[in-house]
Amino acid sequence: MLAGRNRLPRNLSLKSRLEISRLLRHGQRISGNYFTLVWQPADRFGYAILVSRRHGSAVRRNRLRRLFREAIRLYRNQLEKPREMALLPKWNDEKPDFDLIRNDVARVFEKLNDEL
RNA sequence: CGAAGCAGGAGGAACAGUCGCGCUUUAAGUGCAGAUUUAAAGUGAGGAAAGUCCGAGCUCCACAGAAUCAGGGCGCCCGGUAAUUCCGGGGCGGAGUGAUCCGACGGAAAGUGCCGCAGAAACUAUACCGCCCGCUAACAGCGGGUAAGGGUGAAAUUGUGGUGUAAGAGACCACGGCCACCGGCAGAGAUGUUGGUGGUGGGUAAACCCCGCCCGGAGCAAGGCCAAAUAGGGGAAGAGGGGUUGAUUCGCCCCGUUAGAUUCCCGGGUGGGCUGCACAGAGCAAUCGCGUAACCGGUUGCCAAGAUAAAUGACUGUUGGUUUCCUUGCGAAGCUUACAGAACUCGGCUUAUCUCCUGCUUCGUUUU
RNA sequence: CGGGGUGUGGCGCAGUCAGGCAGCGCGCUUGCUUUGGGAGCAAGAUGUCGGAGGUUCAAAUCCUCUCACCCCGA
């Protein structure tokens, strides 16, 4: 891995309520084992991870968000075209495991490349 | 050796490396600029960051404006502290064989209320069984006396002994208990102890209340500045309205009276940035001194997260820790853990919780 | 982050201030009535009062801690 290849700065995350609600309304969906991906074509890569109080305590929510963000960081370069995407982790009581999440994200990204 | 009590302490795996994120500083690039990109260095969650239960700082409400009422809090003593309902020490009461622990710990003799059921009777009156006396037609009934015993109840009229009597009773006596007042001694005080006089009236104040002391309200989404947007939008009411404390009064302040304050209804816009705010402080660490201690004082060193759809993450190796398995050994496999994530900042309290360590004390058993 | 509120049968609520057998409406079950259903009538079942401690003789009620849910804010 060359330095600088797998960066994921903060300003790539989607922050506006307007952007996110538009993405959720019009985007297409792909399901993984641990999350649902909503995506649409865009000029520039952008991501959002949506966790709510349904996902557990503050520690658990932080942990989920960080693990998903790390997975996106590692596999972002496999995408062939820029996409805007939102990840909706599924609710369960299990302890989040990074390997499972990482593999899941990799598989879903491959599916995303097959579309169009 | 076993059981138990108390007082603390350590860690939140360590080291090395790779990738990544936030912030600060510096340098370089781009740009008129706001900014933005890259690199380097520094730095980056807790003992509870939590609950938001207390106490403060800070900000606004005119400078906590004044009075009365309402409301709230606290309640043995002394000390500590910026302050507290917190902390330390002591007193008293209770639990425990004990070390030790627990206590919203002023007043029920100022007044009011309540005390269901049961019971004769629940606080000022009374008697179911019983006991005693009298009368009668006598294993019973009626009248009277009594409250020692039984019974009811969470609670029953101050305890023990005696005198007394038909039987009994603070009816009386002695010694106690408790309360009030006046002293003596010890103590800084709570209090302890002791003497006198008078009294003897159940419980409940986390029921109202009384006594003493204290408390102005709201909160960093406080508050200040800038930018952007609509629009000096439409309709109705309208001469007073609003703020200042929960209420009233006084005082004060602000806006307004046809160029329309304010209220209601309808419709619409922005929901961005900077500051507050990342802190030289009731600061942290080490050490010395005073004090039983909380704490206080001196010296030296340090400057220690600052996000905002919200940074603090992932992986590899070694070591350590730990669990399981068996072929018991420099074995293998797994795990790296509980509770839990800063959001203006402190001091406490409370609640949740993993692993390990140290010291002191008590009780029991055995041996000497 | 800050402020405030609510938890009581299956559902919606009263009772909490002022402590003393835990109630009301709808629903549910059974029976009667009807050719059958509905309506009606009669009878009945249903509660850790969100949880844990404390005060009290006695707690849904008073006090403390705790859990869940809801509302408000520039």
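Values below: all heavy atoms of this structure, side chains included; hydrogens, waters and symmetry mates excluded.
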A.B. asks: Indicate, with a heavy-atom threshold strictly under 4.0 Å, whether L67(A) touches base, sugar-phosphate, or nothing.
C.D. replies: sugar-phosphate
A.B. asks: Select base, sugar-phosphate, or nothing to describe what R63(A) touches, counting heavy atoms under 4.0 Å on all strands.
C.D. replies: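 The residue R63(A) makes sugar-phosphate contact but no base contact.
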A.B. asks: Specify the separation, in whole Å, of atom CG of N77(A) and atom P of rC19(B).
C.D. replies: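 Those two atoms, CG and P, are 15 Å apart.
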A.B. asks: Starting at atom CZ of R66(A), determine the distance to atom C1' of rG341(B), rounded to an integer number of angstrom.
C.D. replies: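 After rounding, the gap between these two atoms is 7 Å.
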A.B. asks: For atom C1', what is the distance between rC277(B) and rA307(B), given to the nearest Å?
C.D. replies: 12 Å
A.B. asks: Report the nucleotide, chosen from rG20(B), rG313(B), rC315(B), that has the shortest atom-to-atom distance to any side-chain atom of F98(A).
C.D. replies: rC315(B)
A.B. asks: Judged by each residue's nearest nucleotide on RNA chain B, which is more toward the 5′ side, S57(A) or D99(A)?
C.D. replies: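 On the 5' side of the pair lies D99(A).
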A.B. asks: Rounded to whole angstrom units, what separation is found between the CZ atom of R65(A) and the C1' atom of rG341(B)?
C.D. replies: 10 Å
A.B. asks: Under 6.0 Å from the six-membered ring centre of F45(A) and within 45° of its axis: does the NZ or CZ of R83(A) meet both?
C.D. replies: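 Relative to the ring axis of F45(A), which defines the angle, R83(A) lies outside at least one limit.
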A.B. asks: Taking all atoms of both residues into account, what is the closest heavy-atom pair of I30(A) and K111(A), and its distance?
C.D. replies: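 Residues I30(A) and K111(A), closest heavy atoms: CG2-CD, 3.9 Å.
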A.B. asks: Could you state the OH-P distance from Y47(A) to rA309(B), rounded to the nearest angstrom?
C.D. replies: 13 Å
A.B. asks: Quote, to the nearest angstrom, the C1' distance that separates rG276(B) from rG306(B).
C.D. replies: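 Each nucleotide's C1' atom is 14 Å from the other's.
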A.B. asks: Hey, which sits more toward the 5' end of RNA chain B by its nearest nucleotide, R60(A) or R10(A)?
C.D. replies: R10(A)
A.B. asks: Without decimals, in angstroms, what is the distance between N62(A) CG and rA49(B) C1'?
C.D. replies: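 After rounding, the gap between these two atoms is 12 Å.
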A.B. asks: Output the rounded distance in Å from CZ (R7(A)) to P (rG313(B)).
C.D. replies: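 In whole Å, rG313(B) P lies 18 Å from R7(A) CZ.
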A.B. asks: Both distances below 3.5 Å, Watson-Crick or wobble geometry, any strand: find the nucleotide opposite rU204(B).
C.D. replies: rG113(B)
A.B. asks: Just how far, in rounded Å, is C1' of rA309(B) from CZ of F68(A)?
C.D. replies: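 Result: 17 Å.
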A.B. asks: Of all heavy-atom pairs between V108(A) and G32(A), which one has the smallest distance, and what is that distance?
C.D. replies: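 Of all heavy-atom pairs spanning V108(A) and G32(A), the closest is CG2-CA, 3.8 Å.
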A.B. asks: When you measure from the side chain of V59(A), which nucleotide among rA314(B), rG341(B), rA39(B) comes out closest?
C.D. replies: rG341(B)
A.B. asks: Minimum heavy-atom separation for F109(A) and Y75(A), please, with both atom names.
C.D. replies: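 So the minimum-distance heavy-atom pair works out to CD2-O, 3.3 Å.
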A.B. asks: Rounded to whole angstroms, how far apart are CG on N11(A) and P on rC23(B)?
C.D. replies: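 Answer to the nearest Å: 10 Å.
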A.B. asks: Would you call rG4(C) syn or anti, using the 90° rule around 0?
C.D. replies: anti
A.B. asks: Does a salt bridge link E110(A) with R107(A), judged by any charged N lying under 4.0 Å from a carboxylate O?
C.D. replies: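 Salt bridge between E110(A) and R107(A), a charged N being under 4.0 Å from a carboxylate O: no.
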A.B. asks: Could you check which nucleotide pairs with rC175(B) in any of the strands shown, counting Watson-Crick or G-U wobble with both distances under 3.5 Å?
C.D. replies: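 WC or wobble partner is rG159(B).
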A.B. asks: Whether the side chain of R69(A) and the base of rC21(B) hold a donor-acceptor pair under 3.5 Å is what I'd like checked.
C.D. replies: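 Looking at the base of rC21(B), it does not pair with any donor or acceptor on the side chain of R69(A) (distance under 3.5 Å).
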